> 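Below are the structure tokens for one structure; questions will follow.
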Amino acid sequence: MSELRRDPITGRWIVLTPEHTRRPSDFIPAPEPPPSSAVCPFCEGHESMAGIELLSWRAEGTSANGPGWQVRVIPNREPILRVEAAHALPGQQVFQTLEGLGAHEVIIETPRHDETLSTMTREKLFCVLWAWRERMRDLKRDGRLRQFVVVKNHGALAGARQQHAHSQLIAMPLVPNVIRHEQASAERYHERTGACVFCDVIQYEQEANRRVIATDDLAISLCPFAPRMPFETWVLPRAHAAAFEDADNTLLTAITDRLQDALKRIDATLLVPAFNVILHTASIGDERSASYHWHLELLPRLQAVGGVELATGTWVNAVPPEEAADALRAAAAV
Ligand SMILES: [Zn+2]
Ligand SMILES: [Zn+2]
């Protein structure tokens, strides 16, 4: 029997089809070609190929745009948005337009071609999250920007065009649909109950302990009640926090640990799948929101998105999150 489930945060419906349950090994894709660092612009020593750096975490005594860095942020060579664009308000015509104002930056997560978020040390992964935060704090000075989103594509199935580990920070002049929908749904929940739906979910999941993967004092990882994809995993701060860029180093360290732990468990369970990581955070100006709660969404990309999903927005998922959480909890995280 399949089951329709509504995500309490977004109001999104998904169909769970446990009768189609597959083993983790059924999702393992064919291996990708071996990495080549010879012509990779993101490798250490190739800094001039990648572009002028906006920010880096580097060893003392080394200079910008040369070797010696751990994390390096550069402008995207093919940005979907640019800070230079003039900001035009939408017109009243049928076809409204808005110039592509914003920022599109690439965070090169490691100087090494063969290192990933799950294989690097936790100190190095912390630097990646630090770079996301510092760039947001800097970009916020541009009063025209309204929304940050961080996306990471790992593997061709997840949309990665570069094998070398990297993420993208996109700053937009508007709140895009998916985030606006999530925020509006959380606001409705807050109006109805006076509570943050994410905080309520975290509290419920901790008490039920059915879909929690791991937790510590500050951060939690869990499989959401209504996941779009098999083994979808979220990482959240346990205490209410709307804006990622307001996180202090202590919280960022806890999130680093939960993120790396989840990625290692996903790698162990699904044999290093392609995946996306998405950071959802409050819109600029809404940092004190009582209804929105920043979080990371980890989406292993085990199968292509099908026509049903595209036609209806209804995700069809063969793996109940309770079973996914069981498998991830049982997996070795080291
Ligand atoms: Zn490389
Ligand atoms: Zn909350």
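Whatever order the structure lists ligands and atoms in, that order sets their numbers, starting from 1. Predicted, not measured: the structure shown is a model, and the values here were computed from it.
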> Regarding His295 and Glu297, is there a side-chain donor-to-acceptor distance under 3.5 Å anywhere?
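Judged by distance alone, the side chains do pair up.
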> Any idea which N/O/S atom from His164 gets closest to the Zn ion (ligand 1)?
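Looking at His164, the N, O or S atom with the least distance to the Zn ion (ligand 1) is ND1.
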> Restricting to N, O or S, what is the name of the atom of His293 that lies nearest the Zn ion (ligand 2)?
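In His293, the heteroatom (N, O or S) nearest the Zn ion (ligand 2) is ND1.
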> Do the side-chain N and O atoms of Arg72 and Asn65 include a donor-acceptor pair separated by under 3.5 angstrom?
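Yes.
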> Between ND1 of His240 and SG of Cys196, what angle is found at the Zn ion (ligand 2), rounded to 10 degrees?
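Nearest ten degrees: 100°.
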> Checking Thr110 against Lys124 for the side-chain contact (heavy atoms from CB on, under 4.5 Å) test, could you report, in this order, the C-alpha distance in whole Å, the side-chain angles of both residues, the deciding distance, and whether it holds?
CA-CA 8 Å; Thr110 165; Lys124 291 178 177 180; 5.8 Å; no
> Name the one of Gln183, Glu182, Glu187 that satisfies side chain to side chain donor-acceptor pair (under 3.5 Å) with Tyr292?
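With Tyr292 as partner, side chain to side chain donor-acceptor pair (under 3.5 Å) holds for just one option, Glu182.
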> Which atom name does His113 have for its N/O/S atom nearest to the Zn ion (ligand 1)?
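Atom name of the closest N, O or S in His113: ND1.
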> Compute the centroid of each ring, for Trp57 and then for Trp69, and state whether the two points are separated by less than 6.0 Å.
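They do not qualify: ring centres at least 6.0 Å apart.
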> Has Cys43 got an N, O or S atom lying less than 2.8 Å from the Zn ion (ligand 1)?
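So Cys43 does bind the Zn ion (ligand 1) by this criterion.
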